[in-house]
Every structure is written in C-alpha cells, then in structure tokens.
Amino acid sequence: MAEGIGTAAGPEWILFHDRSLEPRLGATEALAAALERVAGLPEPALLAGVVVDGGGLVDRSRAAWYRRAPTELAMAAAEVRLLPIRATAGPALVRRSLAEADPPPGGARAEPGAMLEWTARLLRDRAGYLVPEAEFVAPAPLRDPALDPRTAARLVTGGAFTGTDRIRVGAELIERARRRARGPAS
C-alpha cells in the first residue's frame with residue numbers, strides 16, 4: 001500500500017507498507033514527526049516503522065537491518081530517538097522524488113522481499129532511520145523475506161550492496177537462517 005504524506009501543495013513523502021499490516025494509532029504521524037528530529041543528521045531518504053505482533057513484541061523476521069557504522073552517526077541518531085538502518089521490508093516512508101526515480105519492484109504493492117532489496121539499494125549511499133514509536137501490527141506471524149532464497153540471492157548479487165558489504169550480507173543471511181532453524185529459544 002502507498003499513501004502520500006506532505007504539505008497541501010503535494011506530498012513529499014510516500015508511505016509503503018504491506019496490506020496485512022495495520023498502523024497503530026499515531027504510527028504515520030510518528031513517522032512524519034520524526035522528520036523534525038533529523039536536524040544535524042544526514043538527510044533521510046526514508047524513515048521506517050516497526051512491525052510488532054498483537055502483543056506488542058517486535059516481529060524479528062520483519063526487523064529493519066541496522067547500519068553498523070559509523071558509530072558517531074548511531075550515537076547522534078540515538079540522541080533523537082532514531083536508529084540508522086540500511087534496509088527494511090517496510091513499513092517505509094520514502095521521499096517521493098526517490099520513489100518516482102526508482103520505484104519499488106511491483107510498485108505500491110511490492111512484496112516484503114522486493115521492499116527489502118529496494119530499500120537496501122536506496123540506502124546504499126543515503127541515510128535511513130528507524131522510528132521506534134511508529135508501530136505497525138502484523139495480525140499473524142510474517143515470513144522473514146530475507147530467508148527466501150531468491151531474495152537472498154538478489155541481495156548478495158544485485159545492486160543493493162557492493163564490495164565487502166556483499167560478503168557481510170551473505171554471512172548475515174546465513175546466520176539469520178541458522179537462528180531461524182534453531183528456533184525462538186536460541
């Protein structure tokens with residue numbers, strides 16, 4: 001699903017999220033309000049919400065991929081309750097100009113795996129932030145899009161990552177699959 005958020009002159013941002021997700025009260029407003037907190041940080045290409053289950057616990061299979069470096073950016077973002085990310089399967093509030101220049105595969109109804117790959121590509125050289133208070137509820141457990149072999153292959157071999165990042169992402173995907181195979185207790 002895609003919807004615009006912006007000024008009366010026209011929306012500058014587009015919200016993409018899986019139709020199965022239901023925004024909690026104030027979630028979209030929290031994403032928009034976070035734009036006011038980014039002063040002093042690199043300008044965001046997107047802001048991501050958090051997917052939770054019916055009990056309010058984070059759905060780890062749909063968690064954003066956090067940017068591990070630079071540490072200074074993470075610390076500055078944490079001061080304003082944001083977390084730098086390098087990809088998300090959604091929900092994502094994306095700059096309209098970027099979404100129009102490079103639309104997600106499948107358009108507004110992009111599958112989570114396609115969203116993960118698309119946002120990784122958008123954020124390769126741009127900033128993106130997780131907004132923790134922007135919660136979207138998944139009515140049922142969701143499948144981890146990164147565990148789909150086709151999505152994993154596109155992430156490692158496509159244009160989303162380059163150089164040593166491809167190796168790092170490949171290793172993360174293998175570890176993610178191992179954790180999933182061991183079950184929730186590990």
Interatomic distance, [X] atom [atom1] to [Y] atom [atom2] [nearest 0.5 angstrom]:
| X | Y | atom1 | atom2 | result |
| --- | --- | --- | --- | --- |
| L46 | L15 | CG | CG | 11.0 Å |
| R24 | F136 | CZ | CZ | 11.5 Å |
| E22 | E135 | CD | CD | 13.0 Å |
| L116 | E111 | CG | CD | 12.5 Å |
| R67 | L130 | CZ | CG | 13.0 Å |

Minimum heavy-atom separation for [X] and [Y], please, with both atom names.
| X | Y | answer |
| --- | --- | --- |
| R121 | P103 | NH2-O, 4.4 Å |
| V51 | A138 | CG1-CB, 3.9 Å |
| P42 | L73 | CD-CD1, 3.5 Å |
| P104 | M115 | CB-SD, 4.3 Å |
| L123 | A87 | CD1-N, 4.0 Å |

Give me each pair satisfying salt bridge (charged side-chain N to carboxylate O under 4.0 Å, His left out) with a member in residues 46-58, each pair once, sequence neighbours excluded. none
I'd like to check the side-chain contact (heavy atoms from CB on, under 4.5 Å) partners of [X]; sequence neighbours left out, ordered by chain and number.
| X | answer |
| --- | --- |
| R154 | E117, R150, T151 |
| P132 | none |
| P139 | none |
| R95 | W13, E43, P44, S97, L98 |

Between F16 and W118, how do the two ring planes meet: parallel, tilted or perpendicular, split at 30° and 60°? perpendicular
Same apolar cluster (I L V M F W Y, side chains within < 4.5 Å links), I174/Y66: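 Cluster IDs for I174 and Y66 differ.
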Is there a side-chain contact between T119 and R86, using heavy atoms and a 4.5 Å cut-off?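 Not touching, per the 4.5 Å side-chain cut-off.
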Hey, does R62 have a side-chain heavy atom less than 4.5 Å from the side chain of T88? no
What side-chain donor-acceptor pairs closer than 3.5 Å can you find for residues 74-85, not counting sequence neighbours?
none

Taking everything shown except E100 itself, do over 12 heavy atoms lie less than 6.0 Å from its CD? yes
I14 vs L93, side chain to side chain contact (heavy atoms under 4.5 Å, CB included): CA-CA, chis, key distance, verdict: CA-CA 5 Å; I14 301 174; L93 184 62; 6.0 Å; no
